[in-house]
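Here's the structure, in structure tokens; my notes come after.
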Amino acid sequence: MDVLAIGLLAFAAVGYFVLAGTDLGAGMMLFFLGRNPAERRLVIAAFAPFFLANEIWLVLTAGLLVGLFHELEGELFGALFGTVAALLAGWVVRDVGLWLRGRLEAPGWRLFWDGAVTAGSWTVTGAWGWIVGSVLLYRLDPETSPFPLIGVAAAWALFALHGLAFASLRLRGAPYERARTVTGPSGEPVTFALTSAGMVVIPLALGARLPLRDSVTESAEFVAQSTALLLPVLVAAQVWTWWVFRHRVTAPSYL
């Protein structure tokens with residue numbers, strides 16, 4: 001049961017960072033990729049079909065952490081309460097910006113909410129970097145270590161590269177040319193695969209540092225078995241979404 005619980009948590013966390021890292025990274029680089037409202041609208045259209053489905057993996061990860069590792073979850077959330085609050089605030093601001101930017105045609109309105117999308121994306125990724133740096137110091141003295149700040153800088157760099165690699169697969173025209181600055185001679189698919197591998201390292205590093213095997217709750221069997229049965233449906237839905245919207249963006253989406 002311990003192996004199943006840890007495997008489910010790892011799978012969900014890896015899915016979140018690899019998939020949601022695309023829209024967070026593209027949101028971070030929104031003003032770099034889109035130099036005017038029309039271009040920024042296309043950049044958002046590149047990840048608009050995916051971001052809600054990607055966020056399901058964060059909800060699943062949090063649910064598994066609570067259901068399978070209750071005591072560890074309480075310890076982590078208690079120690080990192082401020083960082084988790086900042087992450088959730090950034091998440092809300094980013095999503096509100098995505099939903100509201102197209103409600104009015106006024107340039108100032110769209111510029112404000114484009115800024116909210118960008119600021120929210122930087123906040124979420126920075127919070128994840130702080131969490132990674134802090135967890136790597138698990139049960140050590142964080143006050144005398146630069147690891148949390150190093151984690152923030154590393155997360156910002158990795159998420160931004162991942163978002164640019166994703167954008168290079170989805171965009172056309174000038175935004176595509178700007179996104180290609182990270183692909184180099186390897187090409188877009190190879191670069192995206194490399195940045196995805198980098199995103200996989202984040203949750204695996206977190207899991208390796210935490211005492212997961214010793215923290216599995218006694219009532220974890222039902223949660224783990226139920227999740228294992230549900231997981232193929234979530235994976236199939238995710239694969240279907242990415243297949244349907246696999247082509248490059250040529251026009252704005254409903255957002």
Side-chain angles (χ1 to χ4, degrees), residues 1-24 47 49-81 83-85 87-88 90-92 94-95 124-125 127-132 134-136 138-139 155 158-159 162 166 192-193 195-246:
M1 183 51 60
D2 294 354
V3 174
L4 177 60
I6 295 172
L8 289 172
L9 181 65
F11 187 84
V14 167
Y16 168 73
F17 278 97
V18 173
L19 297 174
T22 58
D23 55 76
L24 286 168
F47 62 81
F50 310 110
F51 81 97
L52 288 176
N54 295 342
E55 289 173 347
I56 291 175
W57 294 97
L58 177 59
V59 176
L60 177 61
T61 301
L64 289 174
L65 191 60
V66 173
L68 301 177
F69 308 91
H70 181 67
E71 292 184 2
L72 179 62
E73 169 267 326
E75 183 178 347
L76 288 174
F77 281 17
L80 298 168
F81 178 80
T83 308
V84 173
L87 188 152
L88 294 176
W91 183 12
V92 170
R94 194 281 300 260
D95 282 19
V124 172
T125 55
W128 277 121
W130 188 273
I131 290 172
V132 171
S134 299
V135 170
L136 291 178
Y138 187 70
R139 293 179 178 168
L158 184 56
F159 273 83
H162 194 49
F166 169 77
F192 183 72
T195 58
S196 296
M199 300 301 288
V200 170
V201 172
I202 297 177
L204 295 185
L206 291 173
R209 189 69 182 94
L210 294 172
L212 294 175
R213 184 179 290 273
D214 299 330
S215 304
V216 179
T217 31
E218 295 180 358
S219 59
E221 183 173 357
F222 174 76
V223 176
Q225 292 178 351
S226 301
T227 304
L229 292 174
L230 180 63
L231 204 56
V233 179
L234 294 177
V235 172
Q238 192 81 51
V239 170
W240 178 83
T241 300
W242 282 71
W243 174 257
V244 169
F245 296 100
R246 66 191 182 278

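Using cut-offs of 30° and 60° for the angle between ring planes, the Phe50 and Phe166 rings count as perpendicular. Ring orientation note: the planes of Trp57 and Phe11 are nearly perpendicular, at an angle over 60° on the 30°/60° scale.
Here the closest non-hydrogen pair linking Ile131 and Leu87 is CD1-CD1, 4.1 Å. Closest heavy-atom contact between Leu72 and Pro211: CD1-CD, 4.3 Å. Here the shortest heavy-atom pairing between Ser196 and Val18 reads O-CG2, 3.8 Å. Nearest heavy-atom pair, Leu64 versus Ala12, reported as atom, atom and distance to 0.1 Å: CD1-CB, 4.0 Å. Contact detail for Gly129 and Ala155: the closest heavy-atom pair is CA-CB, 3.5 Å. When all heavy atoms of Pro203 and Val14 are compared, the pair lying nearest together is CG-CG2, 3.6 Å.
Atom OG1 of Thr195 and atom CZ of Phe192 lie 6.0 Å apart (nearest 0.5 Å). Here the straight-line distance linking atom OG1 of Thr125 with atom NE2 of His162 works out to 12.5 Å at 0.5 Å rounding. Distance check, rounded to the nearest 0.5 Å: CG of Leu58 to CG of Leu19 gives 12.0 Å.
The closest side-chain heavy-atom distance from Ser134 to Leu80 is below 4.5 Å. When side chains are defined from C-beta on, Thr217 does not count as touching Glu71, because their heavy atoms never get closer than 4.5 Å. Considering only heavy atoms from C-beta on, Gln238 stays 4.5 Å or farther from Ile56 through its side chain. In this structure, Leu60 and Thr227 have side chains that are in contact, with non-hydrogen atoms separated by less than 4.5 Å. A 4.5 Å side-chain heavy-atom check between Phe69 and Leu76 finds every atom pair outside the cut-off.
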Derivation of the side-chain contact (heavy atoms from CB on, under 4.5 Å) call for Val124 and Phe159: CA-CA 10 Å; Val124 172; Phe159 273 83; over 6 Å; no
From CA spacing to verdict: side-chain contact (heavy atoms from CB on, under 4.5 Å), Leu158, Ile202: CA-CA 10 Å; Leu158 184 56; Ile202 297 177; 3.8 Å; yes
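Annotation for Trp242: atom CH2 counts as buried by contact number, over 12 foreign heavy atoms lying within 6.0 Å.
Under the side chain to side chain donor-acceptor pair (under 3.5 Å) criterion, Glu73 pairs with no residue at all, not counting sequence neighbours. Annotation: side chain to side chain donor-acceptor pair (under 3.5 Å) contacts of Thr22 (sequence neighbours excluded): none. Partners of Trp91 by side chain to side chain donor-acceptor pair (under 3.5 Å), not counting sequence neighbours, listed by chain and number: Glu55, Asp95.
Under the 6.0 Å cut-off for aromatic ring centres, Trp128 and Phe17 qualify, their centroids lying closer than that.
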